[in-house]
Amino acid sequence: MLDSQTIAIVKSTLPLLIATGPKLTAHFYDRLFTHHPELKDTFNMSNQRNGDQRQALFDAICAYATNIENLAALLPAVERIAQKHTSLNIQPEQYQAVGTHLLATLDELLSPGQEVLDAWGKAYGVLAEVFIQRESALYQNSADQTGGWTGTRAFRIKEKKPQSSLITSFELEPVDNLPVAGFKAGQYLSVYVQSEKFENQEIRQYSLTQSPNGKTYRIAVKRESHGLVSNYLHQQAQVGDRVCLAPPHGDFCLDVTPQTPVALISAGVGQTPMLSMLNQLAAQHHRAPIQWIHAAENGQVHAFADEVKGLEKELPLLETQVWYQHPDEQDRPGEDYQHKGLLDLSAIKDRLVPAGMQFYLCGPVGFMQFAARQLIETGIDAANIHYECFGPHKVL
């Protein structure tokens, strides 16, 4: 535990940190990669270039300084980051490198004096130990499962199937033909990809889209216009090609009883973890109302529509509500989609008020903020709203 003087010193630096802004973490990452270029094989360098990761780390540092007296408030964020770290195979010794360059960054940019650097060194050491212990437990849990493993494991592409003009699904089977670990609906896989066209190994997280079967995994990948890995998977990867996977991870998981009403709300490729949740509800013969609420531009980009319709037969209390912002001429109102324009939850307000209904959201951050605001205005308790951000985490 930290002593009161260390806590007071760290908290006193918060105004200076805020004034410095993400310039602080930009300097940190530049320094880290200069001294440890091998870490470029672990970090998503696209998120480095667009600034998302630098902003996320800056927000995390400020949150730690703000809540240093109440670490319990940070536990949800710790769990989310620990899950991501274990999917990237982060090891304890890497925390030492991060700590060294974080303190050096504080010294070089802020010149706060040795007393402040010592306090931050202690504070970082406590937080690093929290992560190391939690990640050790997650690694052990992955290894202990039937079909589990640690590190990475070789898989081959068994099936590659376009699901829309932008989204393609990949079914992956283990090269060793042994069982694969189960997972919780909503979790993801980290896919490790190497190509002679890449400067570094690239690692991306993709949501699992089915319920566990013990034999294969299925993910779905949206082709991004400038996405290095997504374009590789769409345009070059073929059936039979190999990739490496970390075990399933993630803390955005379906957690309901068979009697709990559920609303699954998504936009675009954000439907992928929702699809896993819906498949899991079907496998468990869920006995409460389910609202499948999805927003897409039009039918050309609307993936997995037939699969969701097929699940209606297994889930008699499932209702689908689909919004197309700009339907094409071939899109059939009432069949392909029920609503036109932007998502408007007031149109189905009466379906969103069963007692205890749990709401799961995934999609672009702006969409989730839009949807969450509508839910809260409807009177939904914020504690019943759960969400997932693809990429560095953001708060709704």
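Start at 1 with the first residue, then count along the sequence. Hydrogens, waters and symmetry mates play no part in the numbers below; they use all other heavy atoms, side chains included. It should be emphasised that the depicted structure is a prediction, and the values quoted were computed from it without experimental measurement.
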Q | Residue that, paired with Pro22, satisfies side-chain contact (heavy atoms from CB on, under 4.5 Å) out of His27, Gln53, Gln55 | A | Gln55

Q: Of all the heavy-atom pairs spanning Met368 and Gly363, show the shortest one and how long it is.
A: CE-O, 3.4 Å

**Q.** Lys11 atom NZ, over 12 foreign heavy atoms within 6.0 Å
**A.** yes

Q. Should the heavy atoms of other residues, nucleotides or ligands under 6.0 Å from NZ of Lys349 be counted, would the total exceed 12?
A. no

Q: Return the orientation label for the His35 and His101 ring planes: parallel under 30°, perpendicular over 60°, tilted otherwise.
A: tilted

Q | CZ (Arg156) with more than 12 external heavy atoms under 6.0 Å | A | yes

Q) What residue pairs, at least two apart or across chains, pass ring-ring contact (aromatic ring centres under 6.0 Å, His included) with a residue in residues 104-146? A) His85-Phe131

**Q.** Donor-acceptor pair, side chain of Thr66 and main chain of Cys62, under 3.5 angstrom
**A.** yes

Q | Test item: Thr6 and Asp118 side chains (from C-beta on) under 4.5 Å apart, heavy atoms | A | no

Q.
Testing the basics here: between Ala154 and Cys244, what is the closest heavy-atom pair and its distance to 0.1 Å?
A. CA-SG, 4.3 Å

(Q) Just checking Tyr360 against His386, ring centres under 6.0 Å apart? (A) yes

Q) For the residue pair Trp149 and Tyr217, does the interplanar ring angle fall in the parallel (under 30°), tilted (30 to 60°) or perpendicular (over 60°) class? A) tilted

Q: Determine whether more than 12 heavy atoms belonging to other residues, nucleotides or ligands lie under 6.0 Å from atom CD of Glu93.
A: yes

**Q.** Minimum side-chain heavy-atom gap Met277-Phe252 below 4.5 Å
**A.** yes

**Q.** Phe183-Tyr188 aromatic ring centre distance below 6.0 Å
**A.** no

**Q.** Pairwise side-chain contact, Val221 with Thr272, heavy-atom cut-off 4.5 Å (strictly under)
**A.** no

Q: Check whether any side-chain heavy atom of Tyr232 sits under 4.5 Å from a side-chain heavy atom of Arg204, and report yes or no.
A: no

Q) Does Phe170 have its ring centroid less than 6.0 Å away from the ring centroid of Tyr206? A) no

**Q.** Sole residue of Glu307, Gln163, Arg218, Glu171 in side chain to side chain donor-acceptor pair (under 3.5 Å) with Thr209
**A.** Arg218

(Q) Would you say CD of Glu108 has more than 12 non-hydrogen atoms from neighbouring residues, nucleotides or ligands within 6.0 angstrom? (A) yes

Q) Between Phe155 and Val191, is any pair of side-chain heavy atoms under 4.5 Å apart? A) no

**Q.** Smallest separation among heavy atoms of Pro248 and Gln187, with atom names
**A.** CB-OE1, 4.2 Å

Q. Heavy-atom count around Glu115 CD within 6.0 Å, excluding the residue itself: above 12?
A. no

Q) Would Asp3 and Lys122 satisfy side-chain contact (heavy atoms from CB on, under 4.5 Å), going step by step from the backbone distance to the final call? A) CA-CA 10 Å; Asp3 60 85; Lys122 292 179 183 178; 3.9 Å; yes

